[in-house]
Amino acid sequence: MKQQGHDPHSELRPNRRAVLMGAASAAALGTTGALGTFSGLALAQNNLRSHISQIPGVGKGAPTDADWQKVGELCLGPTRASVKEGEFKGVELSFMGLNNQNLHNLLFRGFLKPWEAYTGAKISWIDLAQADYNPRLQQAIATGTVDFDILEMGAPFEGDVCGKGLASEMPDWVKKQIDIDDYVDYLKPPVGTWNGKTYRVTIDGDCHNFNYRTDYFSDPALAKAWKDAGNQSEWGVPKTWQQVQAVTKFLKGKKIKGQNAFGYLDAPKPWGGFGFYFLASRASAYAKHPDDKAWLFDVDTMKPRINNPAWVRAIQDIIDALPSEPADQLNADPNTTGFQQFLAGIGSMIPWWGDIGQVAKASDTSVVGDVVSFDILPGSDDVYNSKTGKWDKLASGPNHAPNCAYLGWGIYVMARVASDERKYKAAWSAAAHLGGKDLSLWTVMYPSGFQAHRTSHFDFDEWVAAGYDRKYITSYLNSQRTSYNHPNRAVEPRIPGIFQYYSIAEDELTKIFAGKIDAQTGANNIAAAWEKLTDQIGREKQIALYKASLGV
């Protein structure tokens with residue numbers, strides 16, 4: 001989840017190791033004959049996965065367009081088995097997706113160039129920044145004017161897109177080609193399906209994990225200062241949000257390695273609805289009770305919980321922490337906190353998707369690759385019980401509720417291709433290529449915008465062979481696997497309008513964080529607006545879909 005090339009953070013995109021070399025390589029790959037050379041290499045490999053994981057090799061510089069094309073060609077075997085060379089000549093497809101941190105769609109271009117060269121199809125691209133994605137998709141949904149054939153989309157939108165018949169059902173041959181049974185359990189049906197039909201080629205698994213600087217929490221000077229300040233606990237990595245708050249306030253004015261030290265980095269600036277996930281990650285341990293599957297709305301009424309004591313506490317935490325964070329943090333969106341601050345050496349703790357762990361080790365932009373580690377999101381000493389209206393302290397200890405934010409990106413084929421048999425097959429072939437099992441290993445190892453989402457991705461030896469340190473990658477992958485499988489994980493509902501709810505919240509949160517209104521008043525305003533939206537969409541319909549998404 002990263003930002004578009006024309007936005008102010010684009011200078012932080014992963015470096016191209018050598019632009020001229022990449023351009024020359026791309027030119028060399030521009031003919032079917034040259035691409036065929038890589039096919040020969042693929043056939044010669046005893047282990048294709050081992051081979052592609054060395055392109056370019058972790059720690060050997062950020063991947064280039066030439067690398068993306070090479071990986072795309074090496075993984076073209078399943079396409080060659082199901083499509084004749086030149087079969088889609090004359091077919092033109094349009095693809096809409098993100099261009100965050102110059103990844104997502106740019107990678108897809110590289111992966112699909114050999115596919116285009118082999119099949120004869122041509123693809124045109126609609127590139128969107130993160131903040132522009134939701135409005136652009138919502139416009140297409142509301143007006144019924146879908147002007148794209150293939151869509152990169154997250155599962156939360158399935159209620160809007162699949163529920164309204166805008167997507168094409170996945171053919172059985174695609175399910176076989178992508179090995180759909182390899183997906184981690186929490187991304188299996190109902191995710192990717194609607195009314196029992198499968199629509200999504202999963203290319204990503206999502207959860208917010210906890211990224212932290214090991215050098216901060218092993219620093220003897222900070223440890224001494226912590227004790228001297230009267231703290232009874234040992235200096236170490238926070239395990240609860242209460243500890244995160246204490247550490248963040250303690251670090252204000254401190255130094256580490258001659259630089260200003262900072263604790264947790266909040267992302268208060270709106271981000272097209274996606275910024276709401278960062279409040280949710282602060283709130284989940286407070287709001288998601290182990291005895292209650294719901295945490296955003298009451299399951300029987302769709303009454304919002306955003307203004308209950310748990311969510312208000314999380315909002316207040318941000319208000320209280322901002323004065324201890326870097327100057328102008330109020331204007332930081334998640335891209336800023338992740339790529340302009342944390343990976344650049346500013347701050348010691350952030351929640352983010354798996355991108356941070358990839359970029360820290362496999363990009364030329366990171367300065368913290370040797371001092372980063374990972375865990376599930378912090379817990380809370382107590383958790384709010386919405387049924388009793390009281391805070392509970394659990395006998396098992398702090399409450400943890402990992403935020404499985406967004407349910408991952410997927411590739412969807414639009415229903416509008418169904419009337420043209422060749423276009424239909426071509427669109428699904430392109431989607432299957434992007435979601436291929438072997439290609440997916442490369443995307444989760446290197447900067448791409450995607451994180452582990454298949455059972456096969458958790459073979460630690462494959463990551464070590466690619467160049468990852470075993471301790472590092474064990475921490476990284478376990479933070480995700482534990483989040484996916486956590487019995488109290490917080491999973492968002494796949495209901496129509498979900499990003500409208502999030503965008504409404506972001507607008508009101510901006511006023512709260514700017515000090516125009518207090519946390520409770522702002523939360524009440526969000527709840528009132530959410531109630532109106534639920535009524536507009538249809539309350540009984542939303543209740544039924546919400547229950548279905550929670551499995552109740």
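Heads up: numbering here begins at 1 and tracks the sequence.
For the 3.5 Å distance criterion, the side chains of T521 and N524 fail to qualify, holding no donor opposite an acceptor. No hydrogens or angles considered: a donor-acceptor pair under 3.5 Å links the side chains of T534 and Y501. Checked by atom type, the side-chain pair S386/D292 shows no donor-acceptor distance below 3.5 Å.
Here the side chains of V372 and F342 are in contact, with some heavy-atom distance below 4.5 Å. Looking only at side-chain heavy atoms (C-beta outward), L441 and E462 come within less than 4.5 Å of each other. Counting only heavy atoms from C-beta outward, the side chains of W409 and H104 approach each other to under 4.5 Å. Considering only heavy atoms from C-beta on, I306 comes within 4.5 Å of F276 through its side chain. Residues D291 and N385 form no side-chain contact, since every pair of their non-hydrogen atoms from C-beta on lies 4.5 Å or further apart. Two residues are said to be in side-chain contact when any heavy atoms from C-beta on lie closer than 4.5 Å; S475 and S373 meet this criterion. Under the 4.5 Å side-chain criterion, counting only non-hydrogen atoms from C-beta, W226 is in contact with V247. In this structure the side chain of V312 never reaches within 4.5 angstrom of the side chain of Y384, judged on heavy atoms.
Partner of S380 under the side-chain hydrogen bond (donor to acceptor under 3.5 Å, both in side chains) criterion, chosen from H400, Q242, K288: Q242. Residue F210 is tested with I376, I350, V237 for a side-chain contact (heavy atoms from CB on, under 4.5 Å); the sole match is V237. Across F278, Y476, F450, a single residue satisfies ring-ring contact (aromatic ring centres under 6.0 Å, His included) together with W353, and that is F278.
For K227, the NZ atom is densely surrounded, since the number of other residues' heavy atoms within 6.0 Å is greater than 12. Around atom NZ of K303, no more than 12 heavy atoms belonging to other residues, nucleotides or ligands sit under 6.0 Å away.
Here K393 does not pair with D381 in a salt bridge; the nearest charged N to carboxylate O distance is not below 4.0 Å. Salt-bridge annotation for D215 and R213: present, with a side-chain N of the basic residue lying under 4.0 Å from a carboxylate O of the acidic one. The pair R313-D382 meets the salt-bridge criterion, since a charged nitrogen lies less than 4.0 angstrom from a carboxylate oxygen.
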Under the salt bridge (Lys or Arg N to Asp or Glu O under 4.0 Å) rule, what do D266 and R282 come out as? Steps first, then yes or no, please.
CA-CA 10 Å; D266 282 296; R282 267 196 177 268; 2.8 Å; yes
Can you list the steps and then say if I495 with M302 is a side chain to side chain contact (heavy atoms under 4.5 Å, CB included)?
CA-CA 11 Å; I495 56 175; M302 279 294 290; 4.1 Å; yes
Side chain to side chain contact (heavy atoms under 4.5 Å, CB included), that's the test. Do H457 and V184 meet it? Break it down for me.
CA-CA 9 Å; H457 290 160; V184 295; over 6 Å; no
Output, in order, the C-alpha distance, side-chain angles, deciding distance and verdict of side chain to side chain contact (heavy atoms under 4.5 Å, CB included) for V383 and Y286.
CA-CA 5 Å; V383 57; Y286 299 156; 6.0 Å; no
Walk me through it: do D65 and R109 pass the test salt bridge (Lys or Arg N to Asp or Glu O under 4.0 Å)?
CA-CA 9 Å; D65 181 64; R109 280 173 169 83; over 6 Å; no
Criterion side chain to side chain contact (heavy atoms under 4.5 Å, CB included) on Y186 and L407, from CA distance to verdict:
CA-CA 9 Å; Y186 106 103; L407 300 173; 3.6 Å; yes
Salt bridge (Lys or Arg N to Asp or Glu O under 4.0 Å) between K60 and D67, intermediate numbers included
CA-CA 12 Å; K60 297 181 180 178; D67 293 321; over 6 Å; no
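Between S363 atom OG and Y446 atom OH the span is 12.5 Å, to the nearest 0.5 Å. Here the CG atom belonging to N209 is positioned 14.0 Å from the CZ atom belonging to R481, to the nearest 0.5 angstrom. C404 SG to L187 CG: the interatomic distance, rounded to the nearest 0.5 Å, is 8.5 Å. Rounding to the nearest 0.5 Å gives a distance of 9.0 Å between OH of Y406 and CG of D204. In this structure, CG on L98 lies 7.0 Å from CG on N105, to the nearest 0.5 angstrom.
Checked against a 6.0 Å centroid threshold, the rings of W271 and F499 do not count as neighbours. Separation of the Y502 and F274 ring centroids does not fall under the 6.0 Å cut-off. Ring centroids of Y484 and H453 are separated by 6.0 Å or more, keeping the two rings apart. In this structure, W352 has its ring center no closer than 6.0 Å to that of H208. Checked against the 6.0 Å centroid threshold, W235 and F217 count as a close aromatic pair. In this structure, F108 has its ring center at least 6.0 angstrom away from the ring center of F111.
Among all heavy-atom pairs drawn from L279 and I318, the shortest one is CD1-CD1, 3.9 Å. For the residue pair A519 and Q316, the shortest heavy atom distance occurs at CB-OE1, 3.6 Å. Contact record, P270 with T510: CG-OG1, 3.1 Å, taken as the closest heavy-atom pair. Shortest non-hydrogen contact noted between Q480 and G354 is NE2-CA, 4.3 Å.
Residue pairs meeting the salt bridge (charged side-chain N to carboxylate O under 4.0 Å, His left out) criterion with at least one member in residues 488-513, sequence neighbours excluded, are E158-R494, E508-K511.
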